[in-house]
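As structure tokens, the structure follows; a few thoughts come after it.
As the structure lists them, so they are numbered: ligands from 1, and atoms in each ligand from 1.
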Amino acid sequence: MKLSIIILAAGLGKRMYSDLPKVLHPLAEKPLIRHVIDTAHALKPDTIHVVYGHGGQQVRETLADIEVNWVEQPQQLGTGHAVAQVMPNIADDTMVLVLYGDVPLISLATLKILCTSSNANNLGILTVNLDNPYGYGRIVRNAQEQVECIVEEKDADTTIKSIKEVNTGILIAHATHLRQWLASLNNNNAQGEYYLTDIIALAVANNLPIFTHTTNNVYEVMGVNDRSQLATLERYYQIQQVNRLMLTGVTVRDPARIDIRGMVQTGQDVSIDVNVIFEGEIMLGNRVKIGPHTIIRNAKIGDDVEILSHCVIDNVVIGTGCKIGPFARLRPETVLAEQVHIGNFVEIKKSTVAQKTKINHLSYIGDSEVGSDVNIGAGTITCNYDGVHKHKTVIEDRAFIGSDTQLVAPVKVGAGATIGAGSTIVTNTPPDTLTLSRSPQKNIPSWHRPIKKNPNNL
Ligand code: UD1
Ligand code: CA
């Protein structure tokens, strides 16, 4: 039998007070709905349909890379109405699983249980027990514990309101039945909406068995309605991510002070200090040590690399045994070979640095090719931009660049060359030669410091 997944995402998200449609708000840097779609894809369904409404265009544009069928629900007349919009796109011999764009952390394991328990002759619903069930549809069971119907909070009397088993909204049914039930829904209820939940009573009337699966993880069925709930789910997600890291052998100094917004792969005996943020795809080799307050985005970091505090590392490859920071900024397309040292207040952009080179203090290296065993003194700047174009600087092996040197690109410093401190280098310098461009020092013995004529008169 086929499987189709419908993801409801037409709601307004009023309580977010945002110009951004609710389902596009990020959790771990990824839009809420993308979490749901990724999980849906993992079930390998035949089709995925997303029901969109408010802010729909923006949702579609943001998710343009994803293969789903977009179905517009121009007016939000209820969850039953939303599902009904999709049904013309779904064949009869199909199981239909309904998910929600604002319930981002639903787990694959739970959905698999629902899918394997469902068939053409039953209706499956996912429930959860809540100490405070306020706001949710309640699962009403008969004396034999069989589900009879779902009653929404706004339609419930006090007896029903005391029920703690609630509807998560997630359900699975056969397309033929679903089509038939949806066609007979009405909106005679407190909210004047076509409730998807009313299909349960219709199934019972058809003598179709209802099966429930009750999850004991409230976070996987928790919806995001406001930014406080978003933050709750973000923290839950982060704790899960960091636990996964720790269980593979990473030392995390404080699991509450690390954020993983992407995928981190690690070698053995990695240690991570507090307030480190990972984004995108990151690979950390064996024995990598990351100091506090550092952001690392899309990076491949080799064995025995030590990153000291307060670094920003973005789209970079760092070779074995490098030492970075504190306060270093490595920008995209930077590649460091083995045992390179990058110290404080050094910015490197789109440059390659060969092994054992040291750039330890206050430098800007951009669009450069730096050889091995080079020593770049404090305050060295590659002047790579003439206001219109970017130009390349080449510094060959074993060069020694004195402090406070400007290398005006395009320019090449030959192998083994020495540049005297304070030089402005505008043409290529020969190998193994001392190059100086500063004006000679003058000492003027006859000069006296001015003296205040009347020291009391300021
Ligand atoms: C719904 C359930 C309730 C359940 C709760 C779980 C119904 C009638 N009630 O209530 O039993 O306990 O979810 O959170 O289904 N949506 C559309 N189009 C619409 C209406 C809603 O796409 O016309 C989408 C919303 O974007 C949202 C989801 O469906 O993602 C749920 O809608 P919402 O109005 O929040 O339902 P609840 O009243 O919370
Ligand atoms: Ca509602």
Side-chain angles (χ1 to χ4, degrees), residues 5-16 18 20-25 31-33 35-37 40 49-56 59 68 70-87 97-106 123 125-130 132-140 147-156 160-161 163-173 178 181-182 185-202 210 212 214-215 218-226 229-230 233:
I5 298 178
I6 299 177
I7 300 174
L8 301 190
L12 217 51
K14 260 185 259 165
R15 280 178 282 163
M16 298 299 279
S18 178
L20 190 67
K22 176 166 77 175
V23 293
L24 293 185
H25 277 261
L32 294 174
I33 192 169
H35 287 268
V36 183
I37 293 173
H49 309 266
V50 179
V51 180
Y52 69 98
H54 175 75
V59 176
V68 295
W70 295 96
V71 180
E72 193 178 2
Q73 184 196 22
Q75 267 187 299
Q76 280 72 68
L77 302 180
T79 48
H81 178 261
V83 172
Q85 305 311 298
V86 185
M87 293 314 290
L97 173 65
V98 178
L99 304 178
Y100 297 82
D102 58 356
V103 181
L105 299 185
I106 184 66
L123 167 63
I125 53 181
L126 179 63
T127 73
V128 66
N129 291 301
L130 296 179
N132 176 12
Y134 178 80
Y136 289 86
R138 306 299 203 283
I139 308 294
V140 180
V147 176
E148 280 191 325
C149 62
I150 295 177
V151 178
E152 293 302 299
E153 172 81 33
K154 288 187 176 135
D155 302 292
I160 284 175
K161 279 182 183 164
I163 298 172
K164 296 206 184 317
E165 187 186 10
V166 306
N167 174 32
T168 65
I170 292 169
L171 58 79
I172 185 161
L178 197 52
W181 298 326
L182 289 171
L185 290 183
N186 64 57
N187 62 355
N188 302 329
N189 51 54
Q191 301 188 81
E193 288 180 7
Y194 295 90
Y195 290 165
L196 179 61
T197 44
D198 283 352
I199 68 169
I200 281 80
L202 295 171
I210 313 286
T212 55
T214 305
T215 176
V218 291
Y219 297 104
E220 74 162 323
V221 293
M222 195 169 159
V224 172
N225 295 301
D226 57 40
Q229 289 170 333
L230 180 59
L233 285 189

(Q) For ligand 1, which is the ligand I care about here, please tell me if Gly137 has any N or O atom under 3.5 Å from one of the ligand's N or O atoms. (A) yes

Q: Ignoring angles and geometry beyond distance, decide whether Gln73 reaches within less than 3.5 Å of ligand 1 through its nitrogen or oxygen atoms.
A: yes

Q: State which residue, out of Leu32, Ile170, Ile7, fulfils the side-chain contact (heavy atoms from CB on, under 4.5 Å) condition with Tyr100.
A: Ile170

Q.
Tell me which one of Asn167, Val166, Thr197, Ile150 satisfies side-chain contact (heavy atoms from CB on, under 4.5 Å) with Arg138.
A. Val166

**Q.** Flag side-chain contact, heavy atom, 4.5 Å: Leu202 against Leu185
**A.** yes

Q: Taking only heavy atoms of Thr79 into account, list the atoms of ligand 1 that are under 4.0 Å away from them.
A: 7 (C), 8 (C), 15 (O), 20 (C), 21 (C), 29 (O), 31 (C), 32 (O)

Q) Do any heavy atoms of Gly223 fall under 4.0 Å from ligand 1? A) no

(Q) Using a 4.0 Å cutoff against the non-hydrogen atoms of Asp102, which atoms of ligand 1 qualify? (A) 27 (C), 30 (O)

Q | Among Val51, Asn167, Asn225, Asp198, closest by any non-hydrogen atom to atom 5 (C) of ligand 1 | A | Asn167

Q | Numbering as shown, the atoms of ligand 1 that approach Thr197 to under 4.0 Å (heavy-atom distance) | A | 7 (C), 8 (C), 9 (N), 11 (O), 15 (O)

Q | Glu152 to ligand 1, any heavy atom closer than 4.0 Å | A | yes

Q: Quick one: look at Lys22 and ligand 1, take heavy-atom pairs under 4.0 Å, and tell me if it's side chain, backbone, both or neither.
A: neither

Q.
Using the side-chain contact (heavy atoms from CB on, under 4.5 Å) definition, which of the options Ile125, Thr214, Val151, Thr168 pairs with Ile139?
A. Ile125

Q | N or O contact, Ala82 vs ligand 1, cut-off under 3.5 Å | A | no

Q. Does the N or O separation between Tyr195 and ligand 1 drop below 3.5 Å for any pair?
A. no

Q | Close N or O approach (Gly78, ligand 1; < 3.5 Å) | A | yes

Q.
Would Gly169 count as being in polar contact with ligand 1, using the rule that some N or O on each side must be under 3.5 angstrom apart?
A. no

Q) So do the side chains of Asn187 and Glu193 get within less than 4.5 Å of each other, counting heavy atoms only? A) no

Q) Judged by atom type as modelled, is there a donor-acceptor pair below 3.5 Å linking the side chain of Asp155 to the main-chain atoms of Ala190? A) yes

Q.
Check this for me - ligand 1, Tyr100, N or O atoms closer than 3.5 angstrom, yes or no?
A. no

Q. Can a non-hydrogen atom of Thr168 be found less than 4.0 Å from any atom of ligand 1?
A. yes

